[in-house]
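Worksheet: the structure to be examined is printed underneath.
Residue numbers count from 1 along this sequence. As a basis for the values below, the full set of heavy atoms in this structure was taken, side chains included, without hydrogen atoms, waters or symmetry mates. Please read all numbers here as calculations on a predicted model, not as lab measurements.
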Amino acid sequence: DRPEQQLLTLRPPDRVRTNVQQEYPPSNTTILAFVNSGYWPWVEHLLNNVAALGLSQHLLVVAEDRPCFNTLRQRGVRAQLAAGDGGSGGKLLPYNSKAYKSLVHQMPRQVLRLLRSGQAVFLLDADVTLLANPLEYLAPTGYDLYVQDDFREVGARINGGFFFARPTPGAQQVFEDMLAYIDEHPDIYNQPAFNWALRRNRHRLRIKVFDPLYFVNGLTMFQRNAVSKMRVIPVAVHHNWAEPQAYKLRRAVESGLLAQRPYLDSLLMNFSRSVYGQARGPTPGPYRYDWP
């Protein structure tokens, strides 16, 4: 076999092979994303990536600006216009801008609405690359939330843009508390508010932290080079820990992780060719997660 073919056979050794659909039926799961046309390359990536995995019918996209919303609807994407229409005119939203906060603060309200309707929610930032169907890696063991460790300070350690929430009372309470906290602290970012709500409810929740080698953040993937060092194909790569946007986009292209066509085979091959033989930097130490 060619090296790329060998690499493509590697999958998480602890994958639980169960009838996932019994616990998470596709009709009961919404993949939720929030977008803005100022980040259109990532929007295209999101649509191609989800289509490559055959999950487009589960996607619900909330657009911050009307040009983005109109384009999505013209392309047959299930889309909603964000409440109030942020009025950015499709420009890039600076991280600390009012329009940015207006967009991201709608996340807990949308998630809570779906959970209350009985839907499970997979929140997917547009700057995440999926190399396999993530729902197949969720073991039906009764967890309320599956979350990604961002390796930041305790108050913002769990990523607020990539998680899976089941429609349980515990998960609903997290987003109810998050909304109340945002109302009291309107200048706060989503991630600290999400972490605050998780800590507040930690004794009543069952939380599963994704394996950081297979659900990888930008620090582990690009700064620590753990994936190339271990020669694995992750399930998901989150392109965070990167600014500005132009650098993040270029890094995704160079690593073969930008879905420019809706085909999984080409995405996997581009990534495997990019990462194979390019291990650099130290291997991370043993992973240990202590819930704060």
Side-chain angles (χ1 to χ4, degrees), residues 30-40 42-43 46 59-69 72 77-117 119-128 144-148 150 152-165 167 170-201 205 207 217 238-241 243 245 248:
T30 294
I31 300 173
L32 181 64
F34 292 78
V35 301
N36 165 272
S37 57
Y39 302 87
W40 190 254
W42 287 111
V43 182
L46 170 70
L59 181 64
L60 172 60
V61 180
V62 179
E64 187 271 344
D65 60 284
R66 190 167 291 277
C68 183
F69 170 74
L72 290 169
V77 177
R78 185 163 61 120
Q80 293 180 4
L81 185 63
D85 184 2
S88 71
K91 298 178 181 178
L92 288 171
L93 299 177
Y95 182 69
N96 61 350
S97 68
K98 182 178 179 180
Y100 175 85
K101 291 178 181 177
S102 174
L103 174 63
V104 298
H105 283 174
Q106 295 189 51
M107 179 274 282
R109 197 174 309 279
Q110 289 277 3
V111 171
L112 186 57
R113 178 184 63 82
L114 290 165
L115 293 178
R116 285 173 173 171
S117 73
Q119 288 280 305
V121 179
F122 205 111
L123 185 72
L124 183 64
D125 270 354
D127 66 342
V128 173
D144 298 283
L145 285 159
Y146 292 75
V147 297
Q148 184 179 47
D150 219 8
R152 300 184 190 273
E153 64 275 10
V154 170
R157 182 163 179 174
I158 300 303
N159 191 274
F162 184 77
F163 59 76
F164 180 81
Q172 291 180 40
Q173 189 63 53
V174 167
F175 296 100
E176 289 173 3
D177 290 347
M178 183 179 174
L179 276 171
Y181 192 75
I182 287 172
D183 287 343
E184 295 176 4
H185 306 83
D187 290 330
I188 198 167
Y189 295 112
N190 268 13
Q191 190 145 316
F194 183 47
N195 278 258
W196 178 87
L198 289 174
R199 293 196 304 276
R200 178 181 173 86
N201 292 280
L205 289 172
I207 299 176
N217 67 16
H238 200 160
H239 297 270
N240 55 1
W241 288 84
E243 287 292 341
Q245 285 296 320
K248 179 192 289 191

side-chain contact (heavy atoms from CB on, under 4.5 Å) between Phe194 and Val174, worked out:
CA-CA 8 Å; Phe194 183 47; Val174 167; 4.1 Å; yes
Can you list the steps and then say if Phe163 with Val111 is a side-chain contact (heavy atoms from CB on, under 4.5 Å)?
CA-CA 11 Å; Phe163 59 76; Val111 171; 4.2 Å; yes
List the steps and the verdict of side chain to side chain donor-acceptor pair (under 3.5 Å) for Arg109 and Gln106.
CA-CA 5 Å; Arg109 197 174 309 279; Gln106 295 189 51; over 6 Å; no
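Note that CD of Gln148 is 6.5 Å distant from CG of Asn240, once rounded to the nearest 0.5 Å. In this structure, the separation between CE on Met107 and CG on Asp125 is 9.0 Å, given to the nearest 0.5 Å. Atoms OG1 and CG, on Thr30 and Leu60 in that order, are 6.5 Å from each other to the nearest 0.5 Å. Taken from CG in Asn190 to CG in Asn195, the straight-line distance is 11.0 Å, to the nearest 0.5 Å. Here the CG-NE2 distance, from Asp127 to His239, works out to 7.0 Å after rounding to the nearest 0.5 Å. Here Leu32 contributes atom CG and Gln110 contributes atom CD; the two are 6.0 Å apart, rounded to the nearest 0.5 Å.
One N or O on the side chain of Asp65 and one on the backbone of Ser37 form a donor-acceptor pair closer than 3.5 Å. Using a distance-only test at 3.5 Å, with no hydrogens or angles considered, no donor-acceptor pair links the side chain of His105 to the main chain of Asp183. Within the 3.5 Å criterion, the main-chain N or O of Ala156 finds a donor-acceptor partner in the side chain of Gln191.
At least one side-chain heavy atom of Ile182 sits less than 4.5 Å from a side-chain heavy atom of Ile188. Residues Leu72 and Val35 have side chains in contact (heavy-atom distance under 4.5 Å, counting atoms from C-beta outward).
Closest non-hydrogen pair, Ala79 versus Phe69, comes out as O-CE1, 3.6 Å. In this structure, Leu59 and Ala33 approach most closely via the heavy-atom pair CD1-CB, 4.5 Å. For the pair Trp42 and Ala126, the tightest heavy-atom approach, listed with the atom from each and the gap, is CE3-O, 3.6 Å. Here the closest non-hydrogen pair linking Leu145 and Ala165 is CD2-CB, 3.4 Å.
Under the side chain to side chain contact (heavy atoms under 4.5 Å, CB included) criterion, Leu112 pairs with Arg116, Gln172, Phe175, Glu176, Leu179, sequence neighbours left out. Among residues two or more places apart in sequence or in another chain, the side chain to side chain donor-acceptor pair (under 3.5 Å) test is passed with Arg78 by none. Listed by chain and residue number, Arg200 satisfy the salt bridge (Lys or Arg N to Asp or Glu O under 4.0 Å) test with Asp177 (two or more places apart in sequence, or in another chain).
A ring-centre distance under 6.0 Å is not found for Trp196 and His185. Aromatic ring centres of Phe122 and Phe162 lie closer together than 6.0 Å.
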